[in-house]
Amino acid sequence: ILSGGLNNRYWVLDVDERPGLKTLTVSCSKSLHPTETCLLKDGWDMTPVCCGDVVHLEGCSDGGSWVVGREQGFLVLLPDSLISGTSISNSIRCMRRAVLGDMFKSFDGGSKQMLNGTMVHEVFQRAATAKDFSLETLSKMADQALCRPQYLGDIRCQDSTTVVTVAELADIEENVWSPRFGLKGKIDVTARVQIQKPRSGSHRTSEERTVPLELKTGKESNSIEHRSQVILYTLMSSERYHSEAGLLLYLKTGNLHPVVASHMDRRELLKLRNTLVHHIHNCVEKEAKRSRLSKLPDILTNRQTCQYCPQKRNCALYERLNCLIYSADDCEDVVRDFLQQETGHLIPPQLSYFSHWLLLCGLEATSMEAKNGRKRVWLQTAEESEKNGSCVGNVQLSGPVTVQSDGVFLHRFQRSSMVPQEGLASSGLASGDRIVVSDQKGKLVGLATGYLCEVSKTSISCTLDRDLSKFSGVLFRLDGDEGVVGLSTHLTNLSRLMENSQDSDRLRELVVDLRPPEFIYNLSSVLPREAKDTVANILKGLNKPQKQAMKKVLLSKDYTLIVGMPGTGKTTTICTLVRILHACGFSVLLTSYTHSAVDNILLKLKRFRVGFLRLGQGQKVHPDILPYTEESARKKGVHTLSELEQLYNKELTVATTCMGIKHPIFTRRRFDFCIIDEASQISQPICLGPLFYAKRFVLVGDHQQLPPIVQNQEARSLGMDESLFKRLELHSEAVVQLNVQYRMNRQIMSLSNSLMYEGRLECGSERTATALLSLPFLLSVQSELSSYSKSHPQHDLAWIHATLLPSSPVCFLDCSMVPALESVEKGGISNHTEAALIHRLLSLLIKAGCKPSDIGVIAPYRQQLKSISALLQSSAFTGVEVNTVDRYQGRDKSLIVFSFVRSTAEEGNLGELLKDWRRLNVAITRAKHKLLMVGSITTLRRYAPVEKLLNHLEYMPICKLDDLKGGIRSPCSLVHL
DNA sequence: TCTCTGCTAAGAGGA
């Protein structure tokens, strides 16, 4: 989105370089006409700006020619990537460290001093808010701070002539997003101050200003880093307060330093920002059509500085990769020593693994960044965003703001009376959505974040992280916030895998070197005598492969892979496994990628009185599991470190998502086993995370079902969608297959057997094998159809009769000759004829007595779900679940209708989705009793997997809809039915 | 050519 004005955005069309001078040809118009020029000189010419970049220009433009030089103007590179103040001030010493810090985020372990700093900040901010700095109050507040649960367990103007008086606090911990300068940050204290300066005569002038005030609790260094931080806060809040100076307060000494920035200071800091953002955005580069990792800023060879750098391992790893990629190994002795010390324990294949995955993550990050929707908050007006359904504008605070127990602020907004009334409920935002609050004018961007609670026609309530009551009267906009989750967890896990430690060494052997897993041969050595009876009892309920799986896990020294084919009772198996391990006294870390998968197992486990601790945000946890969360345990009162330790150590079993491993519990606890469900859908770097905390692990999944989603095409082709489950499967001695299924009847199962499992899938019982759809009122529907046929002999309805029959569990309706062509819309691909046909079939099936809640409709494309749902609005269809293939994985329904969607008249481009065998396999294995497939065989034959399925189907009914006379040509003619 | 769920976050200080 390009624009002129205050937050202007220009596209760089051309870069002309000459010594000491860079000339950019830019345009802020979508048509790229007219163009303007921008002259960069006096050091600005070193800005790493490239063709195709978006820039923001400050200063004066004379008839379409900008000059950015020593005394005037700024250029902000890629301004929509907001860079934090601390990242920039960190880059002063070492740009390389700042870039690595952005990639490998949570790497800094923390220290006592940091914890102390956080607490002292809070005490000061509270005292300042209360305007009470008495010793008594301070010590009371300090005591309170010491008992605050979030700190528990987290172990890891001094100018003679000018007098500055802080008159009032405007805000504490104010959040600022500045799209103008491409900056973001949180300001410790925003203070209203009175500044009295001596004038040349005897008079003193006095003025009032609102300025950022930065607190420091450590040594009074008045360092360039500290002052830079203040300058950046002043700059990013300049549109709010128009201040030119800020304050730096050292709490240890009580000294207050005014920090006044010159143009030069701001200029140099913005140049640093530009360099930093350039490196962050260009971590991958193309060389002869192949992508590779880019070079980082140069390595600093200062022993003193590097010794304590939290990024030193990543720094060294990157340098080693450099040598691999660019075959340059002529480095200084100091550097060679450093590399040897940090990475000497790694062999080349391990470095390659790291390098390979870093590249994949870099590629994927590019694709994710392109889709990042957060910048809409400042680039799009509220009206534009409202049209997309991701925003509500023109709302005002209504009623008081109330503080909730968990420290969040409950706000209520209503549409301002100044603008035409329109229902809020239709906005597209729904309760539970994450939101960002900004002002309508775009001056106060990102004021607060939180969750929507309730959306009605007239008002919206939400819980926010900050109290906005002082903004009564201000017009706000609320934007849906998808958040910006980069790949820092991936990278952090990869980096940890390369660590020189026992845990990492072992995991590296298994995962990277693919060392064969080892097993012991005798169960009696692992089974405690007193647990034998209990275990034997639990085993009774299992079938043969399930029992084998249990045994294999107990005998494993490294890992076990459990292949859970569709319907084979994966959840039950995991639940039983946990019960057995629990009975043996083993501790278990139970995880999966999604909250719902974790809770599915826990819901079962709960019935067997196996205790567990569930970590994770209450908002995401299943209501019935909430009593087991840390949150609810804390409500009963946890006040001391030992109470907290007790809470964390009490249960043998701990459950959380793979991303939940940043929890402080993992700084202390190790587990005997880690079980990961859905493992075939988790990307390798994420799957590694929980494995660091367990001696042995169990991956449960099925690589014949859906793989991890990878957005970037190149990353996918380089293997990013290979899960750890798939990678380790080559060691067949570690694999147990659950092949006895209790879901599908014989005919439905045979599809999957011929498509994927080569006949290995078996029915668990004759009852499963022969179960059919129940349609109690089929007779009356049939007679209705017959009488319709009599009065309309031109419509041959034999195909409908055939389709409805419960005795034919698999049925393909071929629309090739109808024809039923797909349509490409903005939201994706859909097929209206298939949607209409499905609508009619469902009404008949429901009329025949099929319960709507027993029906699932599946399509590979979201847009098709929309067009089907739109037809199923009437209350008769309430309960029918319409969803994508991906979302149906792990679930089933008695009756499944699958819409293939794709159908083109000519040889067009085919999508990727249906080319995937695994997606098709998931789609056809969701039905228990009846599977109806709707699609155009002529088009679908071009997909290899569908072709194979169709060949198998020749033994089953395929209704060719061209056989009927007019009946389908206009599906509306079925309406009479 | 479109499938998707995870995540609070910027900063807390030392050498």
Side-chain angles (χ1 to χ4, degrees), chain A residues 82-87 89-90 93 101 105-106 108 110-122 151 154 173 175-177 183-188 214-219 221 223 225-226 229 233 252 302-310 367-368 371 408 434 446 448-451 465 481-490 592-597 616-617 620 656-660 662 678 681-683 686 689 706-711 713 721 824-829 859-863 865 883-887 889 902 908-914 916 918-919 922:
Chain A
L82 306 185
I83 306 290
S84 72
T86 40
S87 296
S89 58
N90 268 335
R93 278 260 180 105
K105 256 164 203 150
S106 54
D108 217 336
S111 63
K112 273 185 190 173
Q113 289 86 347
M114 283 177 171
L115 180 57
N116 176 60
T118 315
M119 292 166 78
V120 174
H121 268 72
E122 188 192 308
Y151 299 139
D154 191 1
E173 289 287 316
N175 188 49
V176 184
W177 289 353
L183 298 172
K184 66 181 167 185
K186 283 198 158 80
I187 301 175
D188 281 339
E214 170 68 14
L215 302 175
K216 292 291 170 197
T217 56
K219 269 191 194 160
S221 65
S223 64
E225 280 91 348
H226 288 174
Q229 232 181 312
Y233 292 144
K252 216 170 228 176
N302 184 338
R303 271 261 166 93
Q304 204 64 37
T305 318
C306 297
Q307 191 183 354
Y308 300 97
C309 177
S367 291
M368 282 169 70
K371 263 184 35 178
V408 294
R434 268 182 68 97
T449 57
Y451 291 92
D465 59 342
D481 184 27
E482 300 127 45
V484 270
V485 212
L487 291 130
S488 63
T489 313
H490 300 238
S592 178
Y593 190 59
T594 61
H595 288 282
S596 65
Q617 262 199 7
K620 307 276 183 163
T656 185
T657 60
C658 288
M659 306 280 244
K662 284 179 200 157
E678 290 183 340
Q681 285 193 89
I682 308 175
S683 72
I686 294 299
L706 288 170
I709 289 178
V710 177
Q711 307 196 29
Q713 165 66 47
D721 64 353
V824 181
E825 286 150 56
K826 154 176 111 201
I829 302 165
Y861 301 91
R862 289 225 137 257
Q863 189 62 28
L865 303 183
N883 238 324
T884 53
V885 185
D886 299 59
R887 289 215 181 173
Q889 173 145 344
R902 300 312 297 257
N909 208 354
L910 291 173
E912 292 281 318
L913 291 188
L914 287 171
D916 199 322
R918 298 162 290 192
R919 185 166 279 105
V922 172

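Labels below follow one simple rule: chain letters A, B, ... track the order of the sequence lines, proteins then strands, and each chain is numbered from 1. Heavy atoms only: backbone and side chains are in, while hydrogens, waters and symmetry mates are out.
- Under the side chain to side chain contact (heavy atoms under 4.5 Å, CB included) criterion, A/L913 pairs with A/P860, A/Y861, A/R919, not counting sequence neighbours.
- A/V710 meets the side chain to side chain contact (heavy atoms under 4.5 Å, CB included) test with A/E364, A/A715, A/R716, A/M720, A/D721; sequence neighbours excluded.
- Partners of A/S592 according to the side-chain hydrogen bond (donor to acceptor under 3.5 Å, both in side chains) rule, which considers only residues two or more places apart in sequence or in another chain, are A/E678.
- A/L706 has its CG atom 13 Å from the P atom of B/dT3, to the nearest Å.
- As a whole-Å value, the separation of A/R919 CZ from B/dT1 C1' is 12 Å.
- Taking the side chain as every heavy atom from C-beta outward, A/L706 and A/D886 approach each other to under 4.5 Å.
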field: Reading 5' to 3' through nucleotides 4-9 of chain B, protein heavy-atom contacts under 4.0 Å coded B for base, S for sugar-phosphate only, - for none
entry: BBBB--
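- Atom C1' of nucleotide B/dT1 and atom CG of A/L913 are separated by 8 Å, given to the nearest angstrom.
- Partners of A/T489 according to the side chain to side chain contact (heavy atoms under 4.5 Å, CB included) rule, which considers only residues two or more places apart in sequence or in another chain, are A/N493, A/M659, A/K662, A/I686.
- Put simply, A/Y861 has no side-chain N or O that comes within less than 4.0 Å of OP1 or OP2 on B/dT3.
- Residue A/R902 is in sugar-phosphate contact alone, with no base atom involved, counting any heavy-atom pair closer than 4.0 Å across all strands shown.
- A/Q229 comes within 4.0 angstrom of the backbone, heavy atoms only, and of no base.
- Rounded to an integer number of Å, the gap from A/L215 CG to B/dG11 C1' is 12 Å.
- Rounded to the nearest Å, the gap between the P atom of B/dT3 and that of B/dC7 is 23 Å.
- Put simply, NE2 on A/H595 and OG1 on A/T657 are 4.5 Å apart, with the number rounded to the nearest 0.5 Å.
- The nucleotide whose nearest atom lies closest to any side-chain atom of A/Y233 is, among B/dA10, B/dG14, B/dG13, B/dA10.
- Both A/C309 and A/I187 lie near DNA chain B, and the one whose nearest nucleotide falls closer to the 5' end is A/I187.
- Heavy atoms of A/G828 sit nowhere under 4.0 angstrom from any nucleic acid atom.
- Atom-to-atom, CE of A/M114 to C1' of B/dG11 comes out at 8 Å; the value is rounded to the nearest Å.
- If you measure from atom CD of A/E214 to atom P of B/dA10, you get 15 Å, rounded to the nearest angstrom.
- Under the 3.5 Å distance criterion, the side-chain polar atoms of A/H121 are left unmatched by any main-chain donor or acceptor of A/D188.
- Mapping A/G218 and A/S84 onto DNA chain B by nearest heavy atom places A/S84 at the nucleotide closer to the 5' end.
- The side chain to side chain contact (heavy atoms under 4.5 Å, CB included) search around A/Q113 returns A/S111, not counting sequence neighbours.
- Taking the C1' atoms as reference points, B/dA12 lies 16 Å from B/dT8, given to the whole Å.
- Taking atom CG on A/N90 and atom P on B/dG11, their separation rounds to 10 Å, with Å as the unit.
- Residue A/P708 is out of contact with every strand shown, counting any heavy-atom pair closer than 4.0 Å.
- Computed from coordinates, the A/K112 NZ to B/dG14 P distance equals 14 Å when rounded to whole Å.
- With sequence neighbours excluded, no residue satisfies side-chain hydrogen bond (donor to acceptor under 3.5 Å, both in side chains) with A/R862.
- With pairs defined as Watson-Crick or G-U wobble and both atom distances under 3.5 Å, not a single stem of at least three pairs touches DNA chain B.
- For B/dG11, the OP1/OP2 oxygens have a side-chain nitrogen or oxygen of A/T86 closer than 4.0 Å.
- Within the nucleic acid shown, A/T217 comes within 4.0 Å of sugar-phosphate atoms alone, with no base atom in reach, counting heavy atoms only.
- Residues passing the side-chain hydrogen bond (donor to acceptor under 3.5 Å, both in side chains) test with A/S87, sequence neighbours excluded: A/S84.
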